[in-house]
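For reference, the structure is listed below as structure tokens.
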2 protein chains.
Amino acid sequence: MRIGDAAAAAGTTARALRFYEQRGLLPPPARTPTGQRQYGAADVALVRVIRELLALGLTIEDLRTRADRLPLLAQDPPPPCGSGGSGSSGDGFAPVVDRRIAALDEEIARLTRQREELARRASPVAG
Amino acid sequence: MRIGDAAAAAGTTARALRFYEQRGLLPPPARTPTGQRQYGAADVALVRVIRELLALGLTIEDLRTRADRLPLLAQDPPPPCGSGGSGSSGDGFAPVVDRRIAALDEEIARLTRQREELARRASPVAG
DNA sequence: CTAACCCCTGACCCGCGGGTCAGGGTCAAG
DNA sequence: CTTGACCCTGACCCGCGGGTCAGGGGTTAG
């Protein structure tokens with residue numbers, strides 16, 4: 001499977017796959033003798049996981065530092081929960097997920113304050 | 001008043017004042033014979049208004065297209081309400097404020113969905 | 001007069017997740 | 001063999017509100 005097909009199968013672009021590889025999220029795939037990247041179904045599943053986590057607001061750097069654990073999340077049945085307390089799979093993602101949730105709470109509160117202040121100015125019922 | 005003092009009085013930096021001037025938010029001030037910018041109290045008040053509106057999420061472009069109306073907002077008593085319906089002062093800001101509020105609502109909803117999805121994954125009570 | 005600070009313009013830098021081009025090589029079908 | 005679609009790398013571009021640097025000149029207290 002060449003990069004364009006793999007990208008389409010994962011719902012993204014070839015550029016994104018090269019970018020993830022360059023940033024260390026995606027392991028360098030095998031190459032044909034002429035240098036073209038070759039992907040398999042597992043790679044496509046991995047890319048889907050990466051995009052899902054990015055869409056949830058984790059950063060490239062968050063994923064890069066835990067790139068070795070990403071394939072575990074890509075398996076159809078998530079691995080059985082270990083003794084880890086708050087992780088989604090006993091993996092190392094709990095800290096970054098917790099930080100992201102905290103950042104989201106802060107951001108939501110900030111935007112809510114902005115919204116209220118703007119609404120107050122737009123209709124000065126008591127102001 | 002030179003730029004550094006005006007910036008400090010408005011709670012920002014000299015760089016920001018030059019930037020606002022370059023983008024057309026702030027009228028070009030008088031200059032000394034040697035080219036240094038000279039500001040007055042009205043300019044400082046205007047800069048305060050600009051920063052307030054930027055902090056509420058309006059863009060440089062939003063303010064640029066209405067730069068002529070900004071000084072009205074800088075006056076201590078806001079001008080009496082005209083016949084304009086939903087404006088904060090019968091000015092032309094209502095449209096951009098409404099758009100910004102809508103954008104905020106959308107963004108808040110998006111972040112809230114992200115937060116819920118992350119929380120769901122972090123503690124899979126019913127995954 | 002000199003030191004220390006201020007100001008001038010113009011240009012590049014930040015984060016962040018890629019998009020888009022430029023200039024070339026490769027693959028599959030006709 | 002040619003054509004068209006695809007792939008390669010490297011480099012610059014986006015938004016956005018400025019920060020920071022570079023190289024030069026102004027200003028003011030001692």
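Residue numbers begin at 1 in each chain, while the letters A, B, ... track the order of the sequences. The shown structure was predicted, so the numbers you read here are calculated from the model rather than taken from an experiment.
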| message | For DNA chain C, which residues of residues 31-42 of chain A approach it to below 4.0 angstrom with any heavy atom? | response | Thr34(A), Gln36(A)
| task | Send over the distance from Leu53(B) CG to dG18(D) P, rounded to a whole Å. | result | 12 Å
| field | Rounded distance (Å) that lies between atom P of dG18(D) and atom CD of Glu21(B) | value | 15 Å
| request: Strictly below 4.0 Å, heavy-atom distances to any atom of DNA chain C: list the hits from residues 7-16 of chain A, or just say none. | output: Thr13(A), Arg15(A), Ala16(A)
| request: Just jot down the side chain to side chain donor-acceptor pair (under 3.5 Å) partners of Arg99(A), sequence neighbours excluded, or say none. | output: none
| task | Could you tell me whether the side chain of Leu56(B) reaches within less than 4.5 Å of the side chain of Arg100(B), counting heavy atoms only? | result | no
| Test log, rule side chain to side chain contact (heavy atoms under 4.5 Å, CB included), inputs Leu54(B) and Thr59(B) | CA-CA 6 Å; Leu54(B) 287 179; Thr59(B) 68; 5.8 Å; no
| Taking OP1 and OP2 of dC8(D), is either one under 4.0 Å from a side-chain nitrogen or oxygen of Arg18(A)? | yes
| remark: Leu54(B) CG to dG15(D) P, in whole Å, measures 17 Å
| request: To the nearest Å, give me how far apart CD1 (Ile50(A)) and C1' (dC16(C)) are. | output: 16 Å
| query | Is the phosphate of dG18(D), meaning OP1 or OP2, less than 4.0 Å from a side-chain N or O of Tyr20(B)? | reply | yes
| said: For a 4.5 angstrom cut-off between non-hydrogen side-chain atoms, does Asp98(B) reach Phe93(B)? | reply: no
| Rounded to the nearest Å, what distance is computed from the CG atom of residue Leu17(A) to the C1' atom of nucleotide dC8(D)? | 14 Å
| Presence of salt bridge, Arg113(A) and Glu117(A), under 4.0 angstrom | no
| Quick one: is Arg51(B) getting a side-chain N or O under 4.0 Å of the dG18(D) phosphate, OP1 or OP2? | yes
| field | Pairs meeting criterion side chain to side chain donor-acceptor pair (under 3.5 Å) with involvement of residues 38-49 of chain B, two or more places apart | value | none
| query | Please give, in whole Å, the distance from dC21(D) C1' to Phe19(B) CZ? | reply | 17 Å
| Which residue lies more 5' along DNA chain D, comparing Gly57(B) with Arg2(B) via nearest heavy atoms | Gly57(B)
| field | With Glu21(A) via side chain to side chain donor-acceptor pair (under 3.5 Å) - residues at least two apart | value | Arg37(A)
| Considering only side-chain heavy atoms of Ile3(A), which listed nucleotide, dG18(C), dC6(C), dC7(D), is closest? | dC7(D)
For residues 3-19 of chain B, which side-chain N or O atoms pair as donor and acceptor with protein atoms under 3.5 Å away, sequence neighbours left out?
| unit_1 | atom_1 | unit_2 | atom_2 | d |
| --- | --- | --- | --- | --- |
| Thr12(B) | OG1 | Arg51(B) | NH1 | 3.0 |
| Thr13(B) | OG1 | Ala16(B) | N | 3.1 |

| task | Can you tell me the distance, in whole Å, between the CZ atom of Arg64(B) and the P atom of dG15(D)? | result | 14 Å
| note | Between CD1 of Ile60(A) and P of dG18(C) the distance, given in whole Å, is 6 Å
| message | Taking Arg121(A) first and then Glu52(B), would you say they form a salt bridge - that is, a charged N and a carboxylate O separated by under 4.0 Å? | response | yes
